[in-house]
Protein chains: 2
Amino acid sequence: MRYSEQRETVFQILKETQSHPSADWVYDKVKSILPLVSLGTVYRNLGELEDLGVIKSFSMKGAIRYDGNVADHSHFICRKCNLMMDFQPKDISTSLHNGLPKNFIAESMEIQISGLCDNCKTHSKKRN
Amino acid sequence: MRYSEQRETVFQILKETQSHPSADWVYDKVKSILPLVSLGTVYRNLGELEDLGVIKSFSMKGAIRYDGNVADHSHFICRKCNLMMDFQPKDISTSLHNGLPKNFIAESMEIQISGLCDNCKTHSKKRN
DNA sequence: ATATAAATAGGAATCATTCCTGATTATATT
DNA sequence: AATATAATCAGGAATGATTCCTATTTATAT
């Protein structure tokens, strides 16, 4: 993979924020440094950085959010202002509140575990 | 809220499947019963049913999936075939495999807890 | 039976994301 | 330092999911 100022800039911006931004937010930030950058370039580089494993992504309310923090952590999401805050779950099954940031009110939890199902360990037909 | 055959049909279809479908999949099913139904109607009714609390939704790979099972449960997602299977987590923090369907390989876990942050408990400004 | 507000069909609009193409650029080689 | 070339880019079109709009239909209260 060749060096590019665009990719480096995208990466630095993600590393420096804790806001779990959308691609469009990153695009605006990159534009303030490289005014001619295109949205497609930002999307492509976000995808490449994710393939490299140096950033992560997940979806919130139907859109992709990116995260420069690849260490194991969970997210608290405020359903009103959409704040996303990192936290470390300790024993989730015993209480929704364990490990949550102070004074935050947890109303619902969503756990999604991803991997390979019994069928896909041995076959290749796509279901979706 | 007035009765409508369309809403009732959407609801029945969701109750009868375990496949965590997209709006479009539901639309196809409804069409086989009410051929003139429109996609907008399906989306609107899915939203209304969710507001009533009788179905749930969440996003997978950037698109909305619906679930007629509103009881507390978690999902295992196969990253290859996109199978989504319900399971009951027991003690997630001690092992990714606890409570998983037999022979499934868990590779990553995502936990999102939603509610109100400290700020939104008392103020109304949206951050978004 | 009638009135009326809610719900609909059909299609246009929007928004996030991906794809395409001709131009630019990092870098290996001379 | 100049050149070659494959990777990357900018700009914009295309796609796909979702929402919005409007004239028509329909459930239901009277």
Side-chain angles (χ1 to χ4, degrees), chain A residues 1-14 17 19-52 54-67 77 79 82 84 126-128, chain B residues 1-14 19-52 54-67 77 79 82 84 112 126-128:
Chain A
M1 171 176 286
R2 232 174 54 173
Y3 169 87
S4 94
E5 202 174 359
Q6 289 88 341
R7 185 184 310 115
E8 195 55 32
T9 306
V10 166
F11 182 55
Q12 287 311 319
I13 285 168
L14 261 180
T17 185
S19 70
H20 313 86
S22 66
D24 205 62
W25 185 95
V26 175
Y27 173 53
D28 281 343
K29 286 280 180 187
V30 177
K31 260 198 302 193
S32 72
I33 299 169
L34 305 172
L36 291 185
V37 76
S38 70
L39 182 56
T41 292
V42 170
Y43 269 105
R44 180 167 24 78
N45 280 311
L46 285 167
E48 285 165 358
L49 290 167
E50 189 176 6
D51 289 345
L52 288 176
V54 297
I55 69 172
K56 291 200 296 187
S57 81
F58 49 87
S59 62
M60 180 178 94
K61 307 200 172 175
I64 306 177
R65 295 303 191 99
Y66 296 90
D67 195 340
I77 301 171
R79 66 166 160 72
N82 292 323
M84 302 192 69
K126 281 228 178 189
R127 184 185 312 255
N128 191 4
Chain B
M1 169 175 284
R2 233 176 52 176
Y3 170 86
S4 93
E5 201 175 0
Q6 289 88 341
R7 185 184 310 116
E8 195 54 33
T9 306
V10 166
F11 182 55
Q12 287 310 321
I13 285 168
L14 261 181
S19 70
H20 313 87
S22 65
D24 205 63
W25 186 95
V26 175
Y27 172 54
D28 282 343
K29 286 279 179 186
V30 177
K31 260 197 305 192
S32 73
I33 298 168
L34 305 171
L36 290 185
V37 75
S38 70
L39 182 56
T41 292
V42 170
Y43 269 106
R44 180 169 24 77
N45 280 312
L46 285 168
E48 286 165 358
L49 291 167
E50 189 177 5
D51 289 346
L52 288 176
V54 297
I55 69 171
K56 291 200 297 186
S57 81
F58 49 87
S59 63
M60 182 179 92
K61 307 198 174 176
I64 306 178
R65 296 303 192 99
Y66 295 91
D67 194 341
I77 302 171
R79 65 166 162 72
N82 292 324
M84 301 192 70
Q112 299 206 356
K126 279 227 178 190
R127 185 187 311 257
N128 201 20

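So that the names make sense, note that chain A is the first sequence line, chain B the second, and so on, each numbered from 1.
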Subject >> Heavy-atom pair with the smallest gap, counting every atom of Val26(A) and Pro21(A) >> reply: CG2-CG, 3.9 Å
If you check the [X] side chain, which of [options] turns out closest?
X        : options                  : answer
Arg7(B)  : dT17(C), dG11(D), dA7(C) : dA7(C)
Asn45(A) : dC9(D), dA16(C), dA10(D) : dC9(D)
Tyr43(A) : dA9(C), dC9(D), dA16(C)  : dA16(C)
Ala63(B) : dA16(C), dA17(D), dA9(C) : dA17(D)

Subject >> Glu5(A), CD atom: more than 12 neighbouring heavy atoms under 6.0 Å >> reply: no
Roughly how far apart are [X] [atom1] and [Y] [atom2], rounded to 0.5 Å?
X        : Y        : atom1 : atom2 : result
Leu52(B) : Met1(B)  : CG    : CE    : 4.5 Å
His20(B) : Asp67(B) : NE2   : CG    : 4.0 Å
Lys56(A) : Leu14(A) : NZ    : CG    : 12.5 Å
Arg65(B) : Ser57(B) : CZ    : OG    : 12.0 Å
Glu48(A) : Asn45(A) : CD    : CG    : 5.0 Å

Rounded to the nearest Å, what distance is computed from the [atom1] atom of residue [X] to the [atom2] atom of nucleotide [N]?
X        : N       : atom1 : atom2 : answer
Ile64(B) : dC15(C) : CD1   : C1'   : 12 Å
Asp51(B) : dA6(C)  : CG    : C1'   : 16 Å
Leu52(A) : dA7(D)  : CG    : P     : 15 Å
Met1(A)  : dA6(D)  : CE    : C1'   : 14 Å
Glu50(A) : dT17(C) : CD    : P     : 12 Å
Arg44(A) : dA7(D)  : CZ    : C1'   : 9 Å
Glu8(A)  : dT25(C) : CD    : P     : 18 Å

Scan nucleotides 25-27 of chain D against the protein and return all N/O pairs shorter than 3.5 Å with their distances rounded to 0.1 Å.
| unit_1 | atom_1 | unit_2 | atom_2 | d |
| --- | --- | --- | --- | --- |
| dT26(D) | O2 | Arg2(B) | NH1 | 2.9 |
| dT26(D) | O2 | Arg2(B) | NH2 | 3.2 |
| dA27(D) | O4' | Arg2(B) | NE | 3.3 |

**OP:** Examine distances only and state if a side-chain atom of Arg44(A) and a backbone atom of Arg7(A) form a donor-acceptor pair shorter than 3.5 Å.
**Re:**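 No; judged by distance alone, with no hydrogens or angles, the pair does not exist.
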**OP:** Please state whether the phosphate of dC9(D), meaning OP1 or OP2, lies under 4.0 angstrom from any side-chain nitrogen or oxygen of Ser38(A).
**Re:**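 Result: no.
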Subject >> Phosphate OP1/OP2 of dT25(C) contacted by Gln6(A) side-chain N/O (<4.0 Å) >> reply: no
Original post:
How is Leu39(B) classified with respect to the nucleic acid when contacts are heavy atoms under 4.0 Å: base, sugar-phosphate, or nothing?
Top reply: base
**OP:** Determine whether Leu46(B) and Tyr27(B) make a side-chain contact, defined as any pair of heavy atoms from C-beta on separated by less than 4.5 Å.
**Re:**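 Leu46(B) vs Tyr27(B): side chains apart.
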Original post:
Going by heavy atoms closer than 4.0 Å, what residues in residues 19-36 of chain A are next to DNA chain D?
Top reply: Leu36(A)
